[in-house]
Amino acid sequence: MIGTPLTGRLAIMGLVVCITQIAAVSQITLFGAHADLVPLVVAMSGLLLGSLPGAVFGFACGFFVDCALFQTMGLSSLVYLTVGYGAGRLREVRDPQAAAVPAVVGGAATATVTVGYSTMQFLLGTPVAVTGLLVGQILVTVLVNTLLSLPVYAGVRRWLLPVLPDDPRRRRRRASTTRLSPLSRA
Amino acid sequence: MYDPKTIRRRRAVLALLVVSSVVLLTASFGGNGGVSSVQRGVFEIVSPIQDVASRSLKPFRDLFGWFGDTWHAKGENQALRKDRDGLRTENARLASQLRRLETQTGIKRVADAANLSTLGPVEARVTAAAPTLLFQSVTINKGGGDGLKKGQAVITTGGLVGKVDEVGSGSATVTLITDSSFGAQARVETTGVTGTVEDSGGDPQDLIMKTTDAKAEVVKNARIVTRGTADNSSLRSLFPPDIPIGRVTAVDDAGTDTQRVHLRPYVDVRNLDRVVVLTRDAATVP
């Protein structure tokens, strides 16, 4: 169940990230593309909180982005909730602990969002041609977002840490450091 | 690990969210008034916040922009030198042509029509851009209170940017020339060949001009400008005449019925900061 403090923190984070994205980050081009913080934050939230909060947070972020930019409603919601749910399921099923997991998840989330959004636009009647430039932009965006994944993961984790229900790493650390020594057992 | 109740709840919420997204999509496409009202309400609330965020984050944007500009400066410098040489030659040719044409009737009227200061220009700043790769729209910090209306032309120093789409009280969205729904009547500046400029789909640096005469001769590097309303046409164009759109880069299957004229827009829609909205209809300006 999602508690009130967690909902509040997620709402503040979503609002700040979405506004920063559309007001600043979207207007900074890097090799013809730009970073996209929203899928990263949604994926990292799913990775830390699980599939259900990840999906709800992704849906909410997509809804806000569509409203703020007067875009076709529902499109971003569908794509972001897929990312949040997928990252959450990864945590629930595999609980991966490798240091590179956030980077891999961030890259995969960005690829899902960019390809998914373009595909959905195409299915909805927008004539999108698969040009070399579009593919290049997708690759650059995925690359830039992969590089940003680790700091974004650290930031999201730091922000959500006080309200995380059971952080697996904390749980393990606590378990390993509270074991009785052979001396005290004697 | 999870009890069946948790799994059922998770699946139910997921299904609910997916269905909600599909319902929103359907309602959005069907022009549902309720969804549009909600969207407009959020847009009105968020626009001032975006404006403040855009202003406060401008130094960071400029810093990153400076790095990017420096990176690209060398390549651009070479291209600009080439363009300058070409423009000098073209300028000399046009100057002599202008002197000749000024003696004939009509040319002064065209020159005056291109004087955009009479068209009620309203300067605006781009406050938000869609985080997609398709470069479809941007949000500006001027709205209905500044005289903006749907369909008005939006330009910048380079040329045509797009047209005003949704208008709020203090902000508006601009449909860019690279959006699939955008189309503008255009003509080749030198030859007068007319057509419609549309996006090519997926490349913000490539537009397509569909000529009315399929076999019309269009040469590389020709300037494409807005056509404005034709004298014999009952349909008024949204755009004043002679606003530069782009330069012809290639013509596929030239001289055939299937020829496609590619042009590179003068405006890079990926790097928009300040734009000008022409709030007066060109047809009403004396």
Side-chain angles (χ1 to χ4, degrees), chain A residues 15 18-38 50-52 55-56 58-59 62-79 81-82 85 92 114 117-118 120-121 124-134 137-138 141, chain B residues 1-2 9-10 13-14 17-18 20-29 35 38-43 46-47 49-51 53-54 57-58 60-61 64-65 68 71 126-134 136-137 139 165-166 173 179-181 199-206 270-273:
Chain A
L15 198 68
C18 288
I19 287 178
T20 306
Q21 175 64 42
I22 57 183
V25 182
S26 290
Q27 296 172 50
I28 299 169
T29 52
L30 195 66
F31 303 112
H34 48 67
D36 194 352
L37 299 178
V38 184
S51 59
L52 201 55
V56 174
F59 179 85
F63 185 85
F64 182 80
V65 168
D66 284 339
C67 283
L69 292 165
F70 233 100
Q71 294 182 149
T72 308
M73 293 288 284
L75 201 57
S76 303
S77 303
L78 199 56
V79 179
L81 90 83
T82 307
Y85 183 79
E92 289 163 359
T114 48
Y117 192 88
S118 303
M120 291 285 286
Q121 286 276 22
L124 292 171
T126 306
V128 180
V130 184
T131 58
L133 189 86
L134 184 66
Q137 282 174 346
I138 289 174
T141 308
Chain B
M1 189 175 175
Y2 290 101
R9 192 176 63 199
R10 190 185 67 220
V13 172
L14 179 68
L17 292 174
V18 172
S20 302
S21 299
V22 174
V23 167
L24 280 172
L25 260 172
T26 312
S28 191
F29 263 88
V35 172
V38 171
Q39 205 171 11
R40 184 173 290 279
V42 175
F43 180 70
V46 170
S47 292
I49 303 171
Q50 280 176 0
D51 194 19
S54 179
L57 294 170
K58 193 172 186 311
F60 296 100
R61 280 207 313 268
F64 281 99
W71 183 270
V126 174
T127 57
T132 69
L133 298 173
L134 302 179
Q136 294 166 314
S137 67
T139 305
D165 191 8
E166 294 293 337
T173 59
D179 183 67
S180 61
S181 66
D199 85 308
S200 64
D203 186 351
Q205 291 292 286
D206 186 33
R270 296 170 297 185
N271 290 309
L272 289 173
D273 186 23

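Numbered from 1 within each chain, the chains take letters A, B, ... in sequence-line order.
- In terms of heavy atoms, Thr139(B) sits closest to Gln50(B) at CG2-OE1, 4.1 Å.
- When all heavy atoms of Ala55(A) and Leu81(A) are compared, the pair lying nearest together is O-CB, 3.5 Å.
- Of the residues considered (Leu37(A), Thr72(A), Ile19(A)), Thr72(A) shows the highest number of contacts with chain B, using heavy-atom pairs under 4.5 Å.
- When all heavy atoms are compared, the tightest approach of Arg40(B) to Phe70(A) is CA-CE1, 3.8 Å.
- Nearest heavy atom pair, residue Met73(A) against residue Cys67(A), reads CE-SG, 3.6 Å.
- Only the side chain of Thr173(B) comes within contact range of chain A, judged by heavy atoms closer than 4.5 Å.
- Among Leu14(B), Val13(B), Val35(B), Val46(B), the residue with the largest count of heavy-atom pairs under 4.5 Å with chain A is Leu14(B).
- Neither the backbone nor the side chain of Thr82(A) comes within contact range of chain B; no heavy atom of the residue lies under 4.5 Å from a heavy atom of that chain.
- Using a 4.5 Å cut-off between heavy atoms, Leu78(A) touches chain B through backbone and side chain atoms alike.
- Taking both residues in full, the closest heavy atoms of Asp66(A) and Ser76(A) are given as OD1-OG, 2.8 Å, listed atom of the first, atom of the second, then distance.
- Neither the backbone nor the side chain of Val23(B) comes within less than 4.5 Å of any heavy atom of chain A.
- Looking at Leu124(A), both its backbone and its side chain come within 4.5 Å of chain B, counting heavy atoms on both sides.
- Using a 4.5 Å cut-off between heavy atoms, Val18(B) touches chain A through backbone and side chain atoms alike.
- Only the side chain of Phe59(A) comes within less than 4.5 Å of a heavy atom of chain B; its backbone N, CA, C and O stay farther away.
- Contact of Glu166(B) with chain A is made through the side chain alone, with heavy-atom distances under 4.5 Å.
- Residue Ser77(A) touches chain B through both its backbone and its side chain, counting heavy-atom pairs closer than 4.5 Å.
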Using the rule given for side chain to side chain contact (heavy atoms under 4.5 Å, CB included), can you reason through Leu272(B) versus Gln27(A), listing the C-alpha separation, both sets of side-chain angles and the distance that settles it, and then say yes or no?
CA-CA 8 Å; Leu272(B) 289 173; Gln27(A) 296 172 50; over 6 Å; no
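- Of all heavy-atom pairs between Ile28(A) and His34(A), the closest is O-CB, 3.1 Å.
- Counting heavy-atom pairs closer than 4.5 Å to chain A, the top-ranked of the candidates Thr26(B), Val22(B), Val126(B), Val38(B) is Val126(B).
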Step by step, work out the side chain to side chain contact (heavy atoms under 4.5 Å, CB included) result for Leu17(B) and Tyr85(A).
CA-CA 11 Å; Leu17(B) 292 174; Tyr85(A) 183 79; over 6 Å; no
